[in-house]
Participant: 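Quick one: the structure is below, questions incoming.
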Amino acid sequence: MAKSLSSMLLKGISGIQASRSCRIVSGSFYHYGMKYSTSVPDDPDTHDDFKPANKLKSSDISLKDVVEQDVKDNPIMIYMKGVPDLPQCGFSSLAVRVLKLYDVPLSARNILENLELKNAVKAYSNWPTFPQIFIKGEFIGGSDIILNMHQSGELKEKLKDVTSNQEKSE
């Protein structure tokens with residue numbers, strides 16, 4: 001009886017792991033078995049303050065200018081699927097994990113929220129895939145390149161100025 005009970009428990013635990021993965025499904029995503037929506041239903045009771053706003057569309061700045069400004073103003077800029085705390089693809093997750101090893105300021109934009117931004121970033125870097133990582137204004141590449149640079153020690157050297165500048169300003 002105890003053996004069958006532990007067997008059932010282990011099967012249940014292994015089933016939980018599968019349901020904890022994240023996936024995007026038409027404006028919704030699942031995280032740890034909970035469904036979250038990225039859109040607001042057309043509900044008259046929903047106040048305008050709680051409806052999502054696309055700040056990039058409402059401004060007069062072109063998306064090319066937004067990308068240029070992001071890359072110029074942020075020592076490390078990553079255009080990724082999701083956000084650093086909740087990446088929505090394995091490559092984005094890998095890139096974030098590698099960069100977080102260096103304890104550097106990381107700025108990011110979720111390209112899944114805006115197709116025009118995604119296309120503007122592709123045009124700016126002339127690179128077709130994501131994530132796209134820029135360090136000190138220079139386009140570096142994706143997660144595979146960051147991982148190779150980390151393994152060779154080249155990334156540590158590249159980020160040395162970023163970490164030392166951060167330490168001096170604190």
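Worth saying up front: this structure is predicted, and the values here are computed from it rather than measured.
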Participant: Looking at side-chain heavy atoms only, is the closest gap between L155 and L147 below 4.5 Å?
Facilitator: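 No. Closest side-chain heavy atoms not under 4.5 Å.
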Participant: Do you see a donor-acceptor pair shorter than 3.5 Å between the side chains of D70 and Y79?
Facilitator: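 Yes, because at least one side-chain N or O of D70 sits under 3.5 Å from a partner of the opposite role on Y79.
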Participant: To the nearest 0.5 Å, how far apart are CD in E138 and OG in S125?
Facilitator: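 Result: 12.5 Å between the selected atoms.
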Participant: Which heavy atom of P105 sits nearest to which heavy atom of V162, and what is that distance?
Facilitator: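 Smallest interatomic distance, heavy atoms only, reads CD-CG1, 4.0 Å.
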Participant: Verify the cluster assignment for F91 and M149: are they in a single hydrophobic cluster under the rule of side-chain heavy atoms below 4.5 Å apart?
Facilitator: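 Different hydrophobic clusters.
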Participant: With a 4.5 Å limit on heavy-atom distance, are the side chains of F130 and K118 in contact?
Facilitator: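 Touching, per the 4.5 Å side-chain cut-off.
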Participant: Any sub-3.5 Å donor-acceptor pair from E116's side-chain atoms to L63's backbone N or O?
Facilitator: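 Flag not set: sc E116 to bb L63 has no pair under 3.5 Å.
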Participant: Taking all non-hydrogen atoms of both residues, which atom of N110 and which atom of G82 are closest, and how far apart?
Facilitator: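 So the two residues come closest at OD1-N, 3.0 Å.
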Participant: Would the distance check show the side chain of S92 and the main-chain N or O of C89 forming a donor-acceptor pair, the cut-off being under 3.5 Å?
Facilitator: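 No, the answer is negative, given that no donor and acceptor are paired below the 3.5 Å cut-off.
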Participant: What orientation do H150 and Y102 show, parallel under 30°, tilted 30 to 60°, or perpendicular over 60°?
Facilitator: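 If you compare the ring of H150 with that of Y102, the planes turn out perpendicular.
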Participant: Quick check for you: to the nearest 0.5 Å, what is the distance between Q132 atom CD and N126 atom CG?
Facilitator: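 With rounding to 0.5 Å, CD (Q132) is 9.5 Å from CG (N126).
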Participant: Does the side chain of R109 come within less than 4.5 Å of N114's, by heavy atoms?
Facilitator: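 No, too far: nothing below the 4.5 Å cut-off.
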Participant: For the pair K136 (side chain) and L159 (backbone), establish whether a donor and an acceptor sit closer than 3.5 Å, ignoring hydrogens and angles.
Facilitator: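 Checked: no pair found.
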Participant: Mark yes when over 12 heavy atoms from residues, nucleotides or ligands other than D73 sit less than 6.0 Å from its CG; otherwise mark no.
Facilitator: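 More than 12 heavy atoms, drawn from other residues, nucleotides or ligands, come within 6.0 Å of this atom.
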Participant: Taking atom NZ as the centre, does K156 end up with more than 12 heavy-atom neighbours from other residues, nucleotides or ligands that are less than 6.0 angstrom away?
Facilitator: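 For K156, atom NZ is not crowded (no more than 12 foreign heavy atoms under 6.0 Å).
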Participant: Same cluster or not: are V98 and W127 linked, directly or through other Ile, Leu, Val, Met, Phe, Trp or Tyr residues, by side-chain heavy atoms under 4.5 angstrom apart?
Facilitator: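 Cluster IDs for V98 and W127 match.
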Participant: Determine whether S107 and I78 make a side-chain contact, defined as any pair of heavy atoms from C-beta on separated by less than 4.5 Å.
Facilitator: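 Of all side-chain heavy-atom pairs linking I78 with S107, none is under 4.5 Å.
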Participant: Between E68 and K72 (salt bridge meaning N to carboxylate O under 4.0 Å), is one present in this structure?
Facilitator: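 The answer is no: the pair does not qualify as a salt bridge.
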Participant: Atom NZ in K81, atom OG in S93: separation rounded to 0.5 Å?
Facilitator: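 Separation between the atoms: 13.0 Å.
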Participant: Among I133, V96, L112, exactly one meets side-chain contact (heavy atoms from CB on, under 4.5 Å) together with M80. Which residue is that?
Facilitator: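 That would be V96; it is the only one of I133, V96, L112 passing the side-chain contact (heavy atoms from CB on, under 4.5 Å) with M80.
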Participant: Decide if atom CZ of F139 counts as having more than 12 heavy atoms of other residues, nucleotides or ligands within a radius under 6.0 Å.
Facilitator: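 Result for CZ/F139: enclosed.
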Participant: For the atom pair CD1 (I140) and CD1 (I135), what is the distance rounded to the nearest 0.5 Å?
Facilitator: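 Between atom CD1 of I140 and atom CD1 of I135 there are 4.5 Å.
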Participant: Test your reading of the model: is there a side-chain donor-acceptor pair from N74 to the backbone of M77, 3.5 Å cut-off?
Facilitator: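 No; zero donor-acceptor contacts below 3.5 Å.
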Participant: Decide yes or no for N148 and Q151: does some side-chain heavy atom of the first lie under 4.5 Å from some side-chain heavy atom of the second?
Facilitator: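 Yes, at least one pair of side-chain atoms sits under 4.5 Å.
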